[in-house]
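Accompanying notes for the structure given below.
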Amino acid sequence: NASLETYINGLAMYSVPLVAGIGSCMLWFLCCFVAGCRSCRRCCLCAERKAPRPASLWQKCAVAILAFVCTIAIFVASVAAFNSSGSSNSGMGDMLCYFMGLSDEMLNGSPLNPLFLGTDAAYGRISMVRRLLDVDGRAMTDVRAILDEIATFATAMDTLIVKIEHMKRVLTLVGYAKVKEHSCWFCQNAAGNNATGEVGLLNELLVTIQQSSADSMRSIQRATESALTGKSLVDVSTAVARGGVALGTFRRAFVGTWIEGLGSWVSFAKSVEDFRHTIFQTMCIFCVVHAVFVSNVAVYRTRRSKAKYPSGAPSLVTWSCGFCTISLALLSAGGCVLFAIPLSEACHFWRYDLLTYEGVNDYYLQVGLADPTHYLRAADPIAVDVWRTCLTPNGTGDALAALQLRQKLDFQRVLFNEFVTLEDKMAGAAVDNAKFELLVSQASRFGGLFVLDPDVPLALAPDAASKMMGSSVDPDDIEGPDGESLIYGLNTYASLIAGPGQYSFASGTAGGGTLITAMLPTEEDVSDLEAVTQNALAYARLKEQLLTEPSLFRCDVLDSQLQVTERYCNYEQFKAAVLDYATQIRAAGITLGDEATKARELIASTTSTTSLRNSLEPLLAEVKALRENFNCRFMWRRWEDFDLALCNHALPGILESAAAWMVVACFELFLTVMHYKMWRHLLDNRVVGEELERFSKKYGYLSIKN
């Protein structure tokens, strides 16, 4: 086309050495005619001399100096050409090796360092994943059936967690602030206390559940349900299908542009390069032999010849070989230049134009990254991103992310880790029933344990203060949760106010003396008593208020739909609610244990063909290979090796060879002209001298001056 013709015309100026080589060949043929035909030597351009004459001293010196300089220059340039040819040959060989390696690894993968699937294997695995993700396929049908069977396990797990969180929330609401200067011991023991760092029994239950096999099974069920059912499954399957199309486009582009476009010339290029290198080596040896031996021997023989008319044959051979050397050197230099110019422009093009972030999109049509389904053959953006991530300097190498499948297939990582975790937990029980029993036991014994614990204690009688502080609202003394201490109740507290029989609680069981209620005795009634007694009675009234106020506590209700209804209650209702919460949690825990035992066989069994693990194993294996072994960043390093061998080793060697051959041609020209002049001088002396001698003998009046 016009652009190609313009480019070829632009190379015309670089073909001067080639044209000069052709001209040298023509001149060589012309000189051969002159050498073989005396009539040609008598024309006006090559006029033969009229009489023989000896060479002057300056001519002899000039020949000696020129022969020495040309010999040294040709020898050095020939050695340089020999080395440059070896460098370019080595670079071309490395380039072809890297080319084949890059092509093979891109298509067929790399088995080690680094491990890479290859586009062919990756395309096959994506196709397999697409089939395994088929909504109506056997794998997904089995998965849905198993999820339906373990739905009751998921419900039991969620119900238990919600009930524990509900109880923890209610106890936190009641226990976060003191009620009538009393602390809720069970609230802090069950829900935890940030101030003291106590974890809390309910939190321990949650941790135990999280460390159990039930939690891992629930995580597997949840991850499978969220990724491989309904719209999520359709989205993943669609994304995999689209990624497969894009990877196929990328593969065809790479094969078409790289392997079929360039790979078909590999064997031919290798043969041509080996032939060139052999010719160049032979030429270098020929030039050295010609300059060092043939030329100098011709000069030496001519200088030492005892003949009256020394023969010009050595010089004839020398300049004939010289023309051959000049022609071959110029042709070689011209060929190297004409090959190096497009090659250097190609190196610049793919370094700074094609293999850049914008360049891949700009030249997508020439590379072959067009969307085959688009009627206008627009660029396939995903295939372009794959090329960018693998074969541009700033690419990440994450081909799966370029295919927009990294996040879509992340379920494999989650499920794989959960299956490994579940395998580690399989030896233990699904749930720990002992902790549920402990919860019910403590809720039954200490669910209503509120102990006097004011933030700013009032002064009390010294001998009674230690017993009053920490006293409960139970009528009688009870054993402390530690099993060793004694927590004093209302009856003991009343006896400590002013002595036994002086006071009694309305909620107590002792009786006698002044009755303490939520309002009585009032502060006016006891204003004449000692301050410590007044303070003790103030705390006593607070105890009765705690026991009798109707809406002092929270007893929120969790219905069967796991919906919370806010409700306020009194002390007795709170105690009953706490015990009910604990009983429900225990029942839910037992239910979970039963359901987890059934679900374990359906989820984690390695022998059952209908388990979730075996149903997902082929899919997870294919996705795992794609996620872990489809990083193509090392391909850019392979390309850099190819680029370095061709553009930084072979190309400079070619240019150095061209320069060396130009030097050889120039000095061979000087040497050839010198020997041509010597040959003409010797030939004319001999021909004319012998002719004059014949005429002198025949006619007697001609003489030759020596």
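Treat the numbers as computed from the prediction; the structure is a model and nothing was measured.
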query: What's the verdict on side chain to side chain contact (heavy atoms under 4.5 Å, CB included) for Val299 and Met674, showing C-alpha distance, side-chain angles and the deciding distance?
result: CA-CA 10 Å; Val299 173; Met674 181 193 77; 4.2 Å; yes
task: Verify side chain to side chain contact (heavy atoms under 4.5 Å, CB included) between Leu365 and Arg377, making sure each step is shown before the conclusion.
output: CA-CA 8 Å; Leu365 196 59; Arg377 292 183 59 78; 4.0 Å; yes
- prompt: When you look at Leu115 and Ser110, which way does the side chain to side chain contact (heavy atoms under 4.5 Å, CB included) test go after all the steps?
  reply: CA-CA 5 Å; Leu115 185 61; Ser110 173; over 6 Å; no
- prompt: Would Arg131 and Asp134 satisfy salt bridge (Lys or Arg N to Asp or Glu O under 4.0 Å), going step by step from the backbone distance to the final call?
  reply: CA-CA 5 Å; Arg131 288 195 293 272; Asp134 185 6; over 6 Å; no
- request: Go through Asp120 and Leu107 one step at a time and tell me if the side chain to side chain contact (heavy atoms under 4.5 Å, CB included) criterion holds.
  value: CA-CA 5 Å; Asp120 284 352; Leu107 293 181; 4.0 Å; yes
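Once rounded to the nearest 0.5 Å, the distance linking CE of Met92 with CG of Asn89 reads 8.5 Å. In this structure, the separation between SG on Cys632 and CG on Leu117 is 11.0 Å, given to the nearest 0.5 Å. Atoms CG and SG, from Asn631 and Cys390 in turn, are 8.0 Å apart once rounded to the nearest 0.5 Å. In this structure, the separation between CG on Asp643 and CG on Asn648 is 6.5 Å, given to the nearest 0.5 Å. Note: Cys61 SG to Leu66 CG = 12.5 Å, rounded to the nearest 0.5 Å. Atom-to-atom distance recorded for Glu656:CD and Asn83:CG is 9.0 Å, nearest 0.5 angstrom.
Contact of the Val129 side chain with the Leu619 side chain is registered, since non-hydrogen atoms from C-beta on lie closer than 4.5 Å. Within the 4.5 Å cutoff, side-chain heavy atoms of Arg388 are placed close to those of Asn361. Here the side chains of Thr389 and Asp385 are not in contact, with every heavy-atom distance at 4.5 Å or above. In this structure the side chain of Leu331 reaches within 4.5 angstrom of the side chain of Ile22, judged on heavy atoms. Using a 4.5 Å heavy-atom threshold, the side chains of Ile341 and Glu345 count as touching. A 4.5 Å side-chain heavy-atom check between Lys677 and Val673 finds at least one atom pair inside the cut-off. Looking only at side-chain heavy atoms (C-beta outward), Arg303 and Pro310 stay at 4.5 Å or farther from each other. Contact check for Met635 versus Met106: side-chain heavy atoms found under the 4.5 Å cut-off.
Checked against the 6.0 Å centroid threshold, Trp661 and Phe280 count as a close aromatic pair. For an aromatic pair to be called close, the ring centres must be under 6.0 Å apart, and Tyr363 with Phe349 satisfies this.
Counting heavy atoms of neighbouring residues, nucleotides and ligands inside a 6.0 Å radius, atom CZ of Phe82 does not exceed 12 of them. More than 12 heavy atoms of other residues, nucleotides or ligands shown are found within 6.0 angstrom of OH on Tyr7.
A side-chain donor-acceptor contact under 3.5 Å links Ser78 to the backbone of Ile74. For the pair Asn296 (side chain) and Val292 (backbone), a donor-acceptor distance under 3.5 Å is present. A donor-acceptor distance shorter than 3.5 angstrom exists from the side chain of Ser657 to the backbone of Gly653, with no hydrogens or angles considered. A donor-acceptor pair under 3.5 Å links the side-chain atoms of Ser15 to the main chain of Ala12, judged by distance alone. Under a 3.5 Å cut-off, the side chain of Ser90 and the backbone N or O of Gly86 do not form any donor-acceptor pair. In this structure a side-chain-to-backbone donor-acceptor pair under 3.5 Å is present from Thr278 to Asp274.
Classified by interplanar angle (parallel below 30°, tilted 30° to 60°, perpendicular above 60°), the ring pair Trp639/Trp636 is parallel. Ring orientation note: the planes of His290 and Phe286 are close to parallel, at an angle under 30° on the 30°/60° scale.
Taking all atoms of both residues into account, the shortest heavy-atom contact from Gly21 to Leu330 is CA-CB, 3.5 Å. Closest approach of Gly368 to Ala253, counting heavy atoms only: O-CB, 3.3 Å. When all heavy atoms of Pro114 and Arg638 are compared, the pair lying nearest together is CD-NH2, 3.9 Å. Minimum heavy-atom separation, Ala379 to Val384: CB-CG2, 4.2 Å. Between Leu403 and Ala246, the closest heavy-atom pair is CD2-CB, 4.1 Å. Cys287 and Glu668 make their closest contact through O-OE2, 4.1 Å (heavy atoms, listed as atom of the first residue, atom of the second, distance).
In this model, no donor atom of one side chain and acceptor atom of the other lie less than 3.5 Å apart for Ser311 and Arg301. Of the N and O atoms on the side chains of Gln281 and His277, at least one donor lies less than 3.5 Å from an acceptor on the other residue. Neither side chain, His681 nor Gln59, offers a donor N or O lying under 3.5 Å from an acceptor on the other. A donor and an acceptor atom, one from each side chain of Gln412 and Arg627, are located under 3.5 Å apart. For the residue pair Arg276 / Ser88, a side-chain donor-acceptor distance below 3.5 Å is found, with atom types taken as modelled. Using modelled atom types, one finds no donor on one side chain facing an acceptor on the other under 3.5 Å when comparing Arg633 with Thr396. In this model, no donor atom of one side chain and acceptor atom of the other lie less than 3.5 Å apart for Ser87 and His649.
Under 4.0 Å is where a charged nitrogen must lie from a carboxylate oxygen, and between Asp380 and Arg252 no such pair does. Between Arg637 and Asp641, none of the side-chain N atoms (NZ, or NE/NH1/NH2) sits under 4.0 Å from a carboxylate O, so this pair counts as no salt bridge.
Sorted by first and then second residue, the pairs that involve residues 83-120 and meet ring pair (Phe, Tyr, Trp, His ring centres under 6.0 Å), not counting sequence neighbours, are Phe99-Trp258, Phe116-Phe630, Phe116-Phe634.
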